[in-house]
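Order of the sequence lines sets the chain letters (A, B, ...), proteins ahead of strands, with each chain counted from 1.
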Protein chains: 2
Amino acid sequence: MQNIRVAVDAVVFGYKDHQLNVLLIKRKVAPFQGSWALPGGLVLENESLETAVERELKEETNVTIDYLEQLYSFGKPGRDPRNRVISVAYFALVKPAHHTIKADTDAQDVAWFPMTELPELAFDHHIILEKAKTRLRNKLTYEPIGFDLLSTKFLFSDLEKLYMTILEKKIDRRNFRKKIMSFEILEELDEKVSEGRGRPANLFKFNKKQYFKLQKEGFLFDIK
Amino acid sequence: MQNIRVAVDAVVFGYKDHQLNVLLIKRKVAPFQGSWALPGGLVLENESLETAVERELKEETNVTIDYLEQLYSFGKPGRDPRNRVISVAYFALVKPAHHTIKADTDAQDVAWFPMTELPELAFDHHIILEKAKTRLRNKLTYEPIGFDLLSTKFLFSDLEKLYMTILEKKIDRRNFRKKIMSFEILEELDEKVSEGRGRPANLFKFNKKQYFKLQKEGFLFDIK
DNA sequence: ACAAAAGTGTTCCCAATACACCCATGA
DNA sequence: TCATGGGTGTATTGGGAACACTTTTGT
């Protein structure tokens, strides 16, 4: 008789302080007690995988998700020192400013870590995270998921910096703006924000309805 | 205590008679006895997911795989009428001419089905198959996986027809050839084949080594 | 000689890229 | 007035798309 457990883990990305961040928890129990790890846990007998992810995230970090999709399943024998565990990993995006993270139940602590300052991770979580990073980079170029990382209202320069940060390359400001503007999926607001020095910048909103409409008509979001 | 089984299923595509085909088995046992289904089965306690796929394919169909990658995991409660089963689905490509399919162990029968003449499938396998088809279509445009569906030596027109069949659109012969040729990943052989009437055509081989070399140098395979 | 499939070049156009100056504000 | 970040236009180029005739063979 088969004795394999099924778990879910979530790679939750947020964009804070002009940096890509990932949400981690500090494990309360063995194995890897005290280590940082991806939020996650065993799937209950009668819940769907997505429900399991949402429940674990709520329990361990107090975060609710804006964007969620399945990433990959990890099932190498021995990846959990106790039992055979198959983990279905999920890829999630949130707007960090919209959430207050809070350790609870199974977690000793919760924190956002910039991708440039990651701690050692429990289990094979660094592999999962690597895969998620690749997915994010790829997806950013062909789906408008960058907006799920920014606040509802954002500066054009935020969007530009987000792309430069995640794709790790320089982007020409004029060409980028021209391209995004040509999609006609942004709403220019009548609000300006002055960030310390410099000319105040306009705020924008992503018009999701308009995007879906265009998409149905065959429009493809595409940023090189 | 959690009681969830873990299975693997494989969507095996082959290209035969200028048609995209999928490998199915006829189930020997309940539930869905006598129904056509994707090859697959429960994962053993100490084997990796990939090994499980390869084992099941060998057992049920006598096919060994040329190209294998994970597709998606399906875990909705109720997808198997007996128990909770999470199935990790795999996406596989084979050259049908190189294999002799043969029903064995758990399968009452095995057959290639053209994608245009599919039978009813057991469980949620039609959903898995749909996802695999999408993956194939997308991947065909940015990775040279078409060659894993053709015989080692193939006609240029085979490649062209394969693309037209799978992408379901007309392709301009001259532009397509120009594009593929510019990649310099094909080896033109000194062999010609005469397919009934018409001018005999040259045979080609995919130069995998050359592709990997170019890829390392930053080359991106890309067919629209 | 004709039917059938293979093979081949050129023109046009649009979208990607490169590139530099003025504007509005706070200190 | 200066430092800082915001906002804008044009010229060039390279790749994608459209398009038709000649070649080689079997019948």
Side-chain angles (χ1 to χ4, degrees), chain A residues 15 17-19 140-142 146 150-151 153-165 167-205 214 217-224, chain B residues 17-19 140-142 146 150-151 153-165 167-205 214 218-224:
Chain A
Y15 186 74
D17 317 318
H18 299 169
Q19 286 240 277
L140 204 57
T141 69
Y142 63 88
L150 295 172
S151 300
K153 299 172 180 185
F154 56 87
L155 305 176
F156 213 97
S157 60
D158 288 337
L159 185 64
E160 192 192 311
K161 280 173 198 152
L162 183 148
Y163 268 84
M164 289 200 279
T165 305
L167 300 183
E168 291 173 38
K169 66 171 192 179
K170 289 224 187 313
I171 292 177
D172 180 273
R173 187 151 40 111
R174 283 168 290 187
N175 294 338
F176 182 75
R177 191 174 181 123
K178 211 185 309 171
K179 188 75 187 284
I180 299 274
M181 284 311 194
S182 75
F183 294 163
E184 299 186 313
I185 53 176
L186 290 194
E187 207 175 311
E188 185 161 1
L189 303 176
D190 270 339
E191 281 179 76
K192 291 193 198 303
V193 166
S194 173
E195 292 253 354
R197 343 194 169 299
R199 175 175 173 175
N202 227 304
L203 282 169
F204 291 83
K205 263 180 91 165
L214 291 173
E217 296 166 5
F219 162 74
L220 286 180
F221 184 91
D222 179 37
I223 295 287
K224 289 285 149 51
Chain B
D17 316 318
H18 299 170
Q19 286 240 279
L140 205 56
T141 69
Y142 64 86
L150 296 172
S151 300
K153 299 171 179 187
F154 57 87
L155 305 177
F156 213 98
S157 61
D158 288 338
L159 185 65
E160 192 191 309
K161 280 174 197 149
L162 184 149
Y163 269 84
M164 290 200 278
T165 305
L167 300 183
E168 292 172 38
K169 66 171 192 178
K170 289 222 187 315
I171 291 177
D172 180 272
R173 188 149 40 110
R174 283 169 290 186
N175 293 338
F176 182 74
R177 191 173 181 123
K178 211 186 310 171
K179 189 77 185 285
I180 298 275
M181 283 311 194
S182 74
F183 294 163
E184 300 186 311
I185 54 176
L186 291 193
E187 208 174 310
E188 186 162 359
L189 303 176
D190 271 339
E191 282 181 76
K192 291 194 196 305
V193 166
S194 172
E195 294 252 352
R197 345 195 167 297
R199 176 174 173 175
N202 227 305
L203 282 169
F204 290 84
K205 262 181 92 167
L214 290 172
F219 162 74
L220 286 179
F221 184 91
D222 180 38
I223 296 287
K224 289 285 147 51

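Checking A/Arg174 against A/Gly198, the closest nucleotide of DNA chain D that is more toward the 5' end is the one next to A/Gly198. Each of B/Arg177 and A/Lys224 was assigned the nucleotide of DNA chain C with the nearest heavy atom; the assignment lying further toward the 5' end belongs to B/Arg177. Along DNA chain C, the nucleotide closest to B/Arg199 and the one closest to A/Lys178 are compared, and the more 5′ of them pairs with B/Arg199.
One atom, CZ of B/Phe176, and another, C1' of D/dG15, lie 17 Å apart when rounded to the nearest Å. Atom CG in A/Asp172 sits about 13 Å away from atom C1' in D/dT10, given to the nearest Å. For the pair A/Lys161 NZ and D/dG6 P, the computed distance is 5 Å after rounding to whole Å. Atom CZ in A/Arg173 sits roughly 7 Å away from atom P in D/dG6 (whole-Å rounding). For the pair A/Leu203 CG and D/dG7 C1', the interatomic distance rounds to 15 Å; values are reported in whole Å. When the C1' atom of D/dA17 is taken as reference, atom CG of B/Asn175 falls 6 Å away, rounded to whole Å.
One finds the CG atom of A/Leu159 at 7.0 Å from the CG atom of A/Leu186 (value rounded to the nearest 0.5 Å).
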TODO: Please report the C-alpha distance between A/Asn202 and A/Phe156 in whole Å, then the side-chain angles of each, then the deciding distance to 0.1 Å, and finally whether the side-chain contact (heavy atoms from CB on, under 4.5 Å) criterion is met.
DONE: CA-CA 7 Å; A/Asn202 227 304; A/Phe156 213 97; over 6 Å; no

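Residues B/Lys169 and B/Lys224 come closest through the heavy atom pair NZ-O, 3.1 Å. Here the closest heavy-atom approach between residue A/Phe176 and residue A/Glu160 is recorded as CE2-CA, 3.7 Å. The two residues B/Asp158 and B/His18 come nearest to each other via the heavy atoms OD1-NE2, 3.8 Å.
A sub-4.0 Å separation between OP1 or OP2 of D/dG5 and a side-chain N or O of A/Ser157 is absent.
Bounding nucleotides for the chain B contact on DNA chain C, 5' to 3', at a heavy-atom distance below 4.0 Å, are C/dA4 to C/dT10.
Between the side chain of B/Lys192 and the base of D/dT25, no donor-acceptor pair under 3.5 Å is found. Judged by atom type and distance alone, B/Arg197 does not reach the base of D/dT25 through any side-chain donor-acceptor pair under 3.5 Å.
Within 6.0 Å of atom NZ in B/Lys179, more than 12 heavy atoms from other residues, nucleotides or ligands are found, so the atom counts as buried in its surroundings. No more than 12 heavy-atom neighbours from other residues, nucleotides or ligands sit within 6.0 angstrom of CD on B/Glu184.
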